[in-house]
Amino acid sequence: MSMQRRTFTAALAAASVVGAVPAFAQKKIVLGFAQVGAESEWRTANTESIKSSAAEAGIDLKFSDAQQKQENQIKAIRSYIAQKVDVIAFSPVVETGWDTVLVEAKNAKIPVVLTDRSVKVKDDSLYVTFMGSDFTEEGRKAGRWLVEKMKGNAGPINIVELQGTVGSAPAIDRKKGFEEIIKADPKFKIIRSQTGDFTRAKGKEVMEAFLKAEGKKINVLYAHNDDMAIGAIQAIEEAGMKPAKDITIISIDAVKGAFEAMMAGKLNVSVECSPLLGPQLMSAVKDIKAGKPVPKRIITEEGIFPMEVAAAEFPKRKY
Ligand code: AHR
């Protein structure tokens, strides 16, 4: 027997005497994570946070990218069930249509954690916890900032809205929260609203169409994420207008790209939505495996960054 093997056997024997399992002999927790896609700067930071936190926590991560398609995510979840992973986590592309696959996970006794986006299911016990932002509050923050900015302006204030992915929780809730605030004053009018699917390319394309249809009537752009706002900024410049001056621009996420746009004077404000969910997820996975209770809802704390503070805040940004 080799020296190394003898030491290992001796350690195991000693551990069985005291009833403990040495750290090196413990089986790694296996986590299956079904990601939405790679549609935005936010998502890239979120993926990086999950991968690096899993490595740090010593968790064996199985990762899949659904390319913004629900059927791909369902396939990935089914494959994690077949592989008998310890925990499944996912950030659902859309809110509905999850009941069947989540029942399958429950029947296989695999706990499910929702990160970033939530689901609408008949039975909330189909998932253990949901961690992520309050998207409705993000929409309210955007609305409150606009109301304050337009104080003293008699209106009408014509708003165009770039929505996120159709049926996704952030698109539904950010719209709801924003409308809840601006409806208090009839001078605010959403004159066009369409999805840009959370991507730069579609944000630009849809903004081009808005500009063609409404031109100089547009006073405000509300984009459900920074990437769409950045795409739209390009469209506004190509149309010969000045972003953040001729059209006030509000977006959500507060990624580095948004700070760069604010420092260049092209974006007025970004509401924060943190993608750094990896550490929280790994600690919840460990708690679940250890049989410890975890809260049903874990809300991320977030701020709002107008262009006036962008340069001072930029060096502190982590994503
Ligand atoms: O679910 C979070 C949203 O998804 C982010 O705001 C957006 O950028 C991403 O694609």
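As the structure lists them, so they are numbered: ligands from 1, and atoms in each ligand from 1. Along the sequence shown, residues carry numbers from 1.
- Residue Lys187 qualifies as enclosed at atom NZ: its count of foreign heavy atoms under 6.0 Å is above 12.
- Counted by atom type alone, Ser64 and Gln35 present zero donor-acceptor pairs between their side chains at under 3.5 Å.
- Taking any N or O of Arg117, backbone or side chain, at least one lies under 3.5 Å from an N or O belonging to ligand 1.
- The ligand atoms of ligand 1 that sit less than 4.0 angstrom from a heavy atom of Glu39 are 4 (O), 9 (C), 10 (O).
- Within the 6.0 Å centre-distance limit, the rings of Phe178 and Tyr222 are counted as a close aromatic pair.
- Sorted by first then second residue, the salt bridge (Lys or Arg N to Asp or Glu O under 4.0 Å) pairs that include residues 30-57, not counting sequence neighbours, are Glu39-Arg43, Glu39-Arg117, Glu41-Arg200, Arg43-Asp116.
- Contact annotation: for Glu138 versus ligand 1, there are no heavy atoms closer than 4.0 Å.
- Residue contacts with ligand 1: Met228 is excluded, as none of its non-hydrogen atoms falls under 4.0 Å.
- Of all atoms in ligand 1, numbered sequentially from 1 with element shown, those under 4.0 Å from a heavy atom of Ser40 are 7 (C), 8 (O), 9 (C), 10 (O).
- Atom 2 (C) of ligand 1 has as its closest protein heavy atom Asp116 OD1, 3.2 Å.
- Residue Pro170 has at least one heavy-atom neighbour below 4.0 Å for each of these atoms of ligand 1: 1 (O).
- Which of Asn225, Val255, Asp226 comes nearest to atom 7 (C) of ligand 1 through a heavy atom is settled by distance: it is Asn225.
- Atom 5 (C) of ligand 1 has as its closest protein heavy atom Asp253 OD1, 3.5 Å.
- Hydrophobic clustering, defined by side-chain heavy atoms of Ile, Leu, Val, Met, Phe, Trp and Tyr closer than 4.5 Å, leaves Ile299 isolated from every other such residue.
- Lys183 NZ: 12 or fewer foreign heavy atoms inside a 6.0 Å radius.
- Under the 30°/60° scheme for interplanar angles, the aromatic rings of Phe63 and Phe33 are found to lie parallel.
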